[in-house]
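This chain uses plain numbering: 1 for the first residue, then up along the sequence. These values consider heavy atoms only, across backbone and side chains, with no hydrogens, waters or symmetry-generated copies.
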Amino acid sequence: MKKRQIFFAFAVICAAVLNSCAVTDYISKLFNKDKNVPPVEAPQEQKEGKQNNPEIQKPVEQKEKEPDNVVFARKLQELLNKGDLKGAIALYDDLPKKLQKDEDLQILLASLYISDGQYDKAIEVARKILEKNPDNVDALEIITIAARAKGNKAEYKAAANDLLAKYPDNAQANIMVGDEYLGNAKYKMALQSYAKALKTEPENYDAKYGYAVCSYYTDDVKTAKQISLELLEKEPDNDGAMSLLAKIYSEENKYAQAVELVTKAIEINPYNYNYYLELGLYQNARGQRKQAIAAWDKCIEIDSTYFLPFAYRAGCYDEMNDYENALYNYKKVIQTNPEYFYAYESAGVLEFHLGNYDSAREYFLTANKYYDNWCYKLLAAACYFKQGKTLDAKKLVQQTMKTLARDSTEYLLVRFFNDSFSRNAEVTLTQRIQKEDDSTKRGKMLFYLGLYYEINGFDELAKEYYTKVAKMQAPMFFEYRFAEWGVQK
């Protein structure tokens with residue numbers, strides 16, 4: 001039997017079995033196994049040249065009986081062509097006695113068990129083979145793949161080590177080790193494993209793909225792109241290579257090509273979560289926000305427990321000024337990933353803008369629990385000020401002051417909210433802010449000066465400061481949005 005290409009993920013194994021790669025090898029072998037069946041002899045009368053005698057009846061043709069192994073393989077092939085894994089496995093219940101010890105056929109049974117998710121049974125079959133033939137590389141591969149697929153790390157590690165100990169150059173074992181390293185973001189070590197696999201099997205698509213992915217993540221984008229293009233030339237339906245190449249095109253600002261590639265990948269693999277996630281990013285970059293949201297909707301349909309598509313959708317709705325849907329998605333981010341403090345920040349900003357000060361304050365204070373920031377506490381105090389709860393506001397301001405160095409500009413700014421208005425204090429604070437070299441820090445503080453004036457009813461003066469902030473180039477602080485809204489009032 002030819003050495004089968006057993007892929008690193010059981011889902012791919014399933015596809016391989018259903019495409020009958022292993023079965024085809026086996027049937028080919030079987031059909032060439034029994035060619036010594038003697039031909040059916042013609043009757044003696046025919047040999048003696050009496051064929052023309054009308055009284056002699058023409059003999060009935062006798063069909064050559066197919067060997068049991070060929071009959072079994074043919075039935076197996078028919079079931080697999082229909083995608084009937086259960087039926088293919090059940091066929092082994094009637095396996096002829098003389099075929100029950102056929103190693104190749106048992107390896108195929110183990111492969112079928114893996115494809116059907118029956119990993120323990122696959123391992124059981126493989127171990128029986130190893131009892132008689134301890135060096136059977138296919139059986140060792142089966143155990144390694146099945147152990148990994150069922151999530152038993154200890155069993156998988158032991159099996160992989162056993163396989164590599166006996167066959168250090170085994171391509172499949174090195175690919176699986178590479179996949180483990182890749183899954184743990186150990187890209188350089190993964191590269192080494194894929195390189196070993198390629199030394200043994202230079203045209204192994206899985207090893208090439210893994211090498212390309214690791215090249216991408218180690219900033220060797222040129223190699224990643226070259227391998228991806230080569231893979232697609234030889235294997236046009238390689239959706240993994242399409243996705244990787246789409247990533248590279250997106251970094252080259254070729255978003256139309258990226259969208260086209262990842263859309264093709266989805267046609268081939270319509271349940272791949274990451275492809276929809278990527279598609280949404282590329283569409284959003286092209287300004288196709290509704291299409292991007294639809295792609296992320298699909299992500300959530302596949303798996304609603306991961307926070308990222310909710311975060312992307314929230315940002316998209318936010319940019320569209322659809323604050324209701326944006327808030328819904330920020331809340332879903334918090335629900336699925338409570339430690340992602342940016343979601344509390346963003347939800348707080350929108351609630352504040354909409355005048356929902358109780359909710360805004362809670363979001364800012366919760367964000368502060370995850371990332372201590374005087375800005376969150378000052379905005380929470382601003383919510384109290386907006387509600388006319390001056391005592392609560394000043395209590396929070398005073399608590400914030402205690403966390404800041406008394407000679408810092410931040411301290412002077414926060415104190416400005418606490419003390420009675422003083423022209424001297426205002427001049428001193430303004431001068432300190434203007435001297436700040438860090439444009440982000442300076443912009444934030446100008447905003448909070450504007451917020452102080454807004455809270456105290458000096459709307460024109462507040463708008464003056466908000467305008468200064470709004471005119472900044474590429475601001476890198478979330479308060480910038482408040483300034484933009486303040487200018488529009």
Exercise for the section: Find the distance between CG (L378) and OH (Y452) and round it off to the nearest 0.5 Å. Expected result: 12.0 Å

Practice task
Report, as yes or no, whether the 6.0 Å neighbourhood of atom OH on Y167 holds more than 12 heavy atoms from other residues, nucleotides or ligands.
Solution key: yes

Handout entry: Near-ring test W485/F352, centroid separation under 6.0 angstrom
Key = no

Completion exercise
Value for CG (L76) from CG (L91), rounded to nearest 0.5 Å, stands at 6.0 Å

Problem - CZ/F478: more than 12 non-hydrogen atoms of other groups inside 6.0 Å - result: yes

Practice task
Determine whether the aromatic ring centres of F447 and Y465 lie less than 6.0 Å apart.
Solution key: no

Completion exercise
Of all heavy-atom pairs linking K489 and K463, the shortest is O-NZ, 3.2 Å

Exercise for the section: State plainly whether the residues R148 and E155 are in salt-bridge range, i.e. N to O under 4.0 Å. Expected result: no

Exercise for the section: Decide yes or no for E141 and N170: does some side-chain heavy atom of the first lie under 4.5 Å from some side-chain heavy atom of the second? Expected result: yes

Handout entry: Test item: D297 and Y276 side chains (from C-beta on) under 4.5 Å apart, heavy atoms
Key = no

Problem - Check: Y363 and K331 side chains under 4.5 Å, non-hydrogen atoms - result: yes

Fill in the blank from the handout: Tightest non-hydrogen contact, residues V333 and A311, listed as CG2-N, 3.3 Å

Exercise for the section: Identify whether the distance between the nearest side-chain nitrogen and carboxylate oxygen of D169 and K199 falls below 4.0 Å. Expected result: no

Problem - side-chain contact (heavy atoms from CB on, under 4.5 Å) partners for A207, two or more places apart - result: I175, A197, L198, N204

Exercise for the section: Begin with the C-alpha distance, continue with both residues' side-chain angles, and end with the deciding distance and a verdict on side-chain contact (heavy atoms from CB on, under 4.5 Å) for E410 and T400. Expected result: CA-CA 10 Å; E410 290 88 345; T400 306; over 6 Å; no

Exercise for the section: Starting at OH of Y448, measure out to CZ of F482 and round the result to the nearest 0.5 Å. Expected result: 7.5 Å

Practice task
Answer yes or no: are there more than 12 heavy-atom neighbours, outside K394 itself, under 6.0 Å from its atom NZ?
Solution key: yes

Practice task
Taking all non-hydrogen atoms of both residues into account, name the closest pair between G443 and M472 and its distance.
Solution key: CA-SD, 3.6 Å

Practice task
Find out whether L261 and S243 are in side-chain contact, i.e. whether some heavy atom of one side chain is under 4.5 Å from a heavy atom of the other.
Solution key: no

Problem - Any side-chain donor near an acceptor of the partner, E230 and Q226, under 3.5 Å - result: yes

Practice task
Provide the closest heavy-atom pair for A381 versus A393 in the form atom of the first, atom of the second, distance.
Solution key: O-CB, 3.5 Å

Practice task
Compare all side-chain heavy atoms of S111 with those of I142 and state whether any distance is below 4.5 angstrom.
Solution key: yes

Practice task
Report yes if some heavy atom in the side chain of T263 is under 4.5 Å from a heavy atom in the side chain of V259; otherwise report no.
Solution key: yes

Exercise for the section: Side-chain contact test, heavy atoms from C-beta onward, threshold under 4.5 Å: evaluate it for Q387 versus D358 and give yes or no. Expected result: yes

Handout entry: Pairs where residues 344-354 contributes a residue and the test side-chain hydrogen bond (donor to acceptor under 3.5 Å, both in side chains) is met, not counting sequence neighbours
Key = E345-Y376, E351-N356

Practice task
Scan side-chain atoms only and decide if D303 and T305 contain a donor-acceptor pair under the 3.5 Å cut-off.
Solution key: yes

Handout entry: Q192 vs Y211, side chain to side chain donor-acceptor pair (under 3.5 Å): CA-CA, chis, key distance, verdict
Key = CA-CA 9 Å; Q192 292 174 7; Y211 195 91; over 6 Å; no

Exercise for the section: For the pair K225 and E252, find out whether any cationic side-chain nitrogen is under 4.0 Å from an anionic carboxylate oxygen. Expected result: yes

Handout entry: Residue Y181 excluded, over 12 heavy atoms near OH under 6.0 Å
Key = no

Exercise for the section: Specify whether F341 and Y371 have parallel, tilted or perpendicular ring planes, treating 30° as the upper limit for parallel and 60° as the lower limit for perpendicular. Expected result: parallel

Completion exercise
To the nearest 0.5 Å, atom CD1 of I227 lies from atom OH of Y209 at 12.0 Å

Handout entry: Aromatic contact, Y119 with Y113 (centres under 6.0 Å)
Key = no

Practice task
Considering only NZ, NE, NH1 and NH2 on the basic side and carboxylate oxygens on the acidic side, decide whether K150 and D120 come within less than 4.0 Å.
Solution key: yes

Problem - Other residues, nucleotides, ligands: >12 heavy atoms within 6.0 Å of K166 NZ - result: yes

Problem - Interatomic spacing from CZ in R361 to OG1 in T366 - rounded to 0.5 Å - result: 11.0 Å

Practice task
Measure the shortest side-chain to side-chain distance between K264 and V262 over non-hydrogen atoms and say whether it is less than 4.5 angstrom.
Solution key: no

Practice task
Given salt bridge (Lys or Arg N to Asp or Glu O under 4.0 Å), test K234 with E203 step by step and report yes or no.
Solution key: CA-CA 10 Å; K234 295 175 182 177; E203 293 304 313; 2.8 Å; yes

Problem - Check: Y249/E260 side-chain N/O donor and acceptor closer than 3.5 Å - result: no

Handout entry: N81/Q77 under side chain to side chain donor-acceptor pair (under 3.5 Å): CA gap, chis, key distance, verdict
Key = CA-CA 6 Å; N81 284 344; Q77 178 76 76; 3.1 Å; yes

Return a table of donor-acceptor pairs under 3.5 angstrom between the side chains of residues 266-273 and protein atoms on other chains or two or more places apart.
residue: N269; atom: ND2; partner: D239; partner atom: OD2; Å: 3.4
residue: N272; atom: OD1; partner: N274; partner atom: N; Å: 3.0
residue: N272; atom: OD1; partner: Y275; partner atom: N; Å: 3.2

Exercise for the section: For the pair E251 and K247, find out whether any cationic side-chain nitrogen is under 4.0 Å from an anionic carboxylate oxygen. Expected result: no

Exercise for the section: Of all the heavy-atom pairs spanning S215 and T223, show the shortest one and how long it is. Expected result: OG-CG2, 3.7 Å

Exercise for the section: Mind checking the SG-NZ spacing from C316 to K290? Nearest 0.5 Å is all I need. Expected result: 11.0 Å

Exercise for the section: Could you please spell out the steps behind the side chain to side chain donor-acceptor pair (under 3.5 Å) verdict for Q118 and D116? Expected result: CA-CA 6 Å; Q118 300 185 55; D116 197 43; 2.6 Å; yes

Handout entry: Step-by-step side chain to side chain donor-acceptor pair (under 3.5 Å) determination, R286 to Q291
Key = CA-CA 10 Å; R286 297 188 73 197; Q291 293 92 324; over 6 Å; no

Exercise for the section: Please say which of K441, R442, K444 ends up in a salt bridge (Lys or Arg N to Asp or Glu O under 4.0 Å) with E436. Expected result: K441

Exercise for the section: Test Y194 against D179 for side-chain contact (heavy atoms from CB on, under 4.5 Å), laying out the working first. Expected result: CA-CA 9 Å; Y194 293 130; D179 293 338; 2.6 Å; yes

Handout entry: Distance-minimising heavy-atom pair for P309 and W296
Key = CB-O, 4.0 Å

Exercise for the section: Taking atom CD of E484 as the centre, report whether more than 12 heavy atoms of other residues, nucleotides or ligands fall under 6.0 Å from it. Expected result: yes

Problem - Full working for side-chain contact (heavy atoms from CB on, under 4.5 Å) between N325 and I293 - result: CA-CA 11 Å; N325 274 314; I293 289 170; over 6 Å; no

Handout entry: Exceeds 12 heavy-atom contacts within 6.0 angstrom, atom NZ of K157
Key = no

Exercise for the section: Could you give me the CA-CA distance, side-chain angles and deciding distance for T336 and Y306, then say whether side-chain contact (heavy atoms from CB on, under 4.5 Å) is met? Expected result: CA-CA 6 Å; T336 52; Y306 188 50; over 6 Å; no

Exercise for the section: Look at D318 together with R481 and state whether they make a salt bridge at an N to O cut-off of under 4.0 Å. Expected result: yes

